[in-house]
Amino acid sequence: MRYALVDCNTFYASCEKVFRPDLRHKPVIVLSNNDGCVVAMSREAKALGIPRGIPLFKVEPLIRKHNIEVFSSNYTLYHDLSKRVMDILRTFAAELEIYSIDEAFLVLKGEDRDDFAEQIRGTVMTWTGIPVSVGIGPTKTLAKAANKIAKDNPQGYYDFSSENSREFLTKLDIGDIWGIGRQYKAFLNRKGIFTALQLTEQSDSWIKKNLTMVGLRTKWELEGRPSIDMEMAPPPKKGILSSKSFSYPVTDFIDLREAAADYGTTASGKLRRQGSVCRYVNISVSTNNFRKTDRQYSNAATIELAVPSSYPPDIICAAQKGLERIYRKGYKYKKITVYLTGIEEEQRGQLDLFLKEDPRKYQVMKSIDKINKKYGRNTLNCMSKRDTSRWQMKREKLSPLYTTNWKDLPLIPL
DNA sequence: TCTGGGGTCCTAGGACCC
DNA sequence: TCTGGGGTCCTAGGACCC
């Protein structure tokens with residue numbers, strides 16, 4: 001069996017370039033929510049030495065100097081282009097696992113030709129304008145490692161089986177292995193382990209003791225024994241959260257209440273889309289940890305619903321009840337999170353209960369979902385809002401919704 | 001002035017039970 | 001002086017991923 005990992009190159013930055021051919025060879029960076037940090041960079045921007053995750057204000061001089069193009073995150077655009085890429089990949093694979101917005105594992109079809117990787121790269125580029133890299137190997141972990149090499153390979157792909165595996169594992173740094181993060185890398189380095197090959201030379205029991213079962217599976221995968229399953233259909237989420245940082249410090253309880261309602265609405269929408277209900281609503285608030293001179297406070301509360309629900313007012317009421325418990329006057333709040341847990345499938349029995357309680361609830365919910373799907377999020381909302389500018393997200397450099405909004409369709413001058 | 005959001009899995013340790 | 005063993009359940013926190 002052969003696995004392939006297909007990964008979109010500098011995905012967010014590439015999405016921004018698709019409809020902006022003038023930016024083709026220019027450095028482009030994409031920011032996190034609130035235009036806070038740099039989360040994605042084009043190849044040209046990486047070459048200028050900008051570290052991922054750095055706050056925007058720290059690289060302002062560099063941006064001016066090199067005329068770097070800056071974008072707020074346009075998730076609507078990225079998700080739409082991601083879906084198009086995945087639809088193409090599906091036609092190449094016996095099995096497809098969408099691993100993240102810009103990555104997918106494929107189990108290759110038996111009859112695959114040698115130019116499989118080139119076919120994929122060519123098709124995705126022609127049909128979407130997104131460049132991808134392809135790594136191929138006998139396990140998911142090795143395909144992932146091969147992909148890393150493919151990124152620096154001018155051909156854009158790399159096949160693990162094309163090389164001596166001992167040599168490959170010797171060159172593979174321990175920190176570049178999928179599943180080995182910063183902490184484990186530091187720990188292993190202290191033990192004198194620097195390469196993938198050295199990791200595979202440790203005993204199973206030692207690895208399990210120090211890196212848990214997850215680490216042991218990684219070892220087996222490096223040895224060429226598939227130990228991590230493909231997940232073709234994403235399992236239902238066990239926790240769903242909606243959380244945002246405020247662009248300005250929030251002190252007023254009313255503002256926090258509105259934010260709780262807003263994120264409660266978002267989270268309950270995700271819940272309904274996966275056909276689930278939740279039993280617990282957890283809400284947490286915190287001040288800005290980076291401002292050492294501010295008085296710090298953070299707290300959380302969990303509310304159990306009388307009946308598991310996905311009905312927005314139920315979620316919102318619980319979130320606000322929790323908020324009342326943990327809110328303390330006099331702090332500058334930076335972040336609020338609504339986290340839904342105790343997730344169960346929406347079942348007949350529960351639905352009956354729900355309907356018995358008030359059948360109109362169900363109708364209202366369905367109608368709201370339908371209207372918002374047709375006319376856009378937030379067309380109908382549960383709470384009337386005051387001026388929300390104080391806490392809403394900052395997105396000053398947003399690109400158009402080229403592929404999902406008629407008004408934003410790109411025009412070609414003739 | 002300005003530091004993201006959304007997930008999963010695993011383990012240790014405490015509470016509680018007989 | 002001497003203070004068990006085995007089990008379950010829950011939560012917090014730490015590791016990882018993108």
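So you know, we letter chains A, B, ... as the sequences are listed, proteins then strands, and number each from 1.
Note on A/Leu211: nothing from the nucleic acid sits closer than 4.0 angstrom, heavy atoms only. Among the atoms of the strands shown, none is found under 4.0 Å from any heavy atom of A/Asp35. A/Lys144 comes within contact range of the sugar-phosphate backbone alone, with a heavy-atom separation under 4.0 Å but no base atom that close.
The side chain to side chain donor-acceptor pair (under 3.5 Å) analysis of residues 177-192 of chain A, with sequence neighbours excluded, yields the pairs A/Tyr99-A/Trp178, A/Asp173-A/Lys185. Evaluation of the salt bridge (charged side-chain N to carboxylate O under 4.0 Å, His left out) test over residues 122-147 of chain A, restricted to residues two or more places apart or in two chains, returns A/Glu97-A/Lys140, A/Glu103-A/Lys144. For residues 234-243 of chain A, no pair satisfies salt bridge (charged side-chain N to carboxylate O under 4.0 Å, His left out), with sequence neighbours left out.
Listed by chain and residue number, nothing satisfies the side-chain hydrogen bond (donor to acceptor under 3.5 Å, both in side chains) test with A/Arg395 (two or more places apart in sequence, or in another chain). Residues forming a ring-ring contact (aromatic ring centres under 6.0 Å, His included) with A/Phe160 (at least two apart in sequence, or on another chain): A/Phe168. Not counting sequence neighbours, the partners of A/Tyr333 by the ring-ring contact (aromatic ring centres under 6.0 Å, His included) test are A/Tyr327. Residues satisfying the side-chain hydrogen bond (donor to acceptor under 3.5 Å, both in side chains) test with A/Ser286, not counting sequence neighbours, are none. In this structure A/Lys83 satisfies the side-chain contact (heavy atoms from CB on, under 4.5 Å) test together with A/Asp87, sequence neighbours excluded.
When rounded to the nearest whole Å, the span between CD1 of A/Ile228 and P of B/dT8 equals 17 Å. Rounding to whole angstrom units, NZ of residue A/Lys209 and C1' of B/dC10 are separated by 16 Å. If you take NZ of A/Lys237 and C1' of B/dG6, they are 9 Å apart, rounded to a whole angstrom. One interatomic measurement links the two molecules: OH of A/Tyr248 to P of B/dC2, which rounds to 10 Å at whole-angstrom precision. The distance from atom CG of A/Asp229 to atom P of B/dT8 is 17 Å, rounded to the nearest whole Å. C/dC17 atom C1' lies 15 Å from atom NZ of A/Lys148, rounded to whole Å. Rounded to an integer number of Å, the gap from A/Asn147 CG to C/dC17 P is 15 Å. Following rounding to the nearest Å, A/Asn282 (CG) and C/dT11 (P) show an atom-to-atom distance of 11 Å.
Atom P of C/dC17 sits at a distance of 25 Å from the matching atom of B/dT3, rounded to the whole Å.
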query: Would you write out the dot-bracket form of DNA chain C, 5' to 3', with Watson-Crick and G-U pairs under 3.5 Å, [ ] for crossing pairs, | for pairs to other strands and . for unpaired bases?
result: ....||||||||||||||
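Side-chain nitrogen and oxygen atoms of A/Lys270 include at least one within less than 4.0 Å of the OP1 or OP2 phosphate oxygen of B/dG7. Under 4.0 angstrom from either OP1 or OP2 of B/dC9 there lies no side-chain N or O belonging to A/Arg217.
For the residue pair A/Thr287 / A/Asp294, no side-chain donor-acceptor distance below 3.5 Å is found, with atom types taken as modelled. Residues A/Asn282 and A/Thr302 bring a donor and an acceptor atom of their side chains to less than 3.5 Å of each other. A/Asp7 and A/Ser133 form no side-chain donor-acceptor contact under 3.5 Å, judged by distance and modelled atom types alone.
With ring centers used as reference points, A/Phe19 lies under 6.0 Å from A/Tyr402.
Contacts between residues 169-193 of chain A and DNA chain B, defined by a heavy-atom separation below 4.0 Å, involve no residue at all.
Atom CD1 of A/Ile240 is separated from atom CZ of A/Arg272 by 10.5 Å, given to the nearest 0.5 angstrom. A/Ser73 OG to A/Asn33 CG: the interatomic distance, rounded to the nearest 0.5 Å, is 5.5 Å. Note that NZ of A/Lys219 is 12.5 Å distant from CD1 of A/Ile177, once rounded to the nearest 0.5 Å.
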Considering only nitrogen or oxygen atoms on both sides, find all protein atoms under 3.5 Å from nucleotides 14-16 of chain B and state each distance.
none

Would you tabulate the nitrogen or oxygen pairs shorter than 3.5 Å linking the protein to nucleotides 3-5 of chain B?
| residue | atom | partner | partner atom | Å |
| --- | --- | --- | --- | --- |
| B/dT3 | OP1 | A/Lys334 | NZ | 2.4 |
| B/dG4 | O4' | A/Ser32 | OG | 3.0 |
| B/dG4 | O6 | A/Arg52 | NH2 | 3.2 |
| B/dG5 | OP1 | A/Ser245 | N | 2.4 |
| B/dG5 | OP2 | A/Ser245 | OG | 2.8 |

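Each of A/Glu60 and A/Val214 lies near DNA chain B, and the nucleotide nearest A/Glu60 is the one positioned closer to the 5' end.
Checked against B/dG7, B/dC9, C/dC18, the side chain of A/Glu103 finds its nearest nucleotide in C/dC18.
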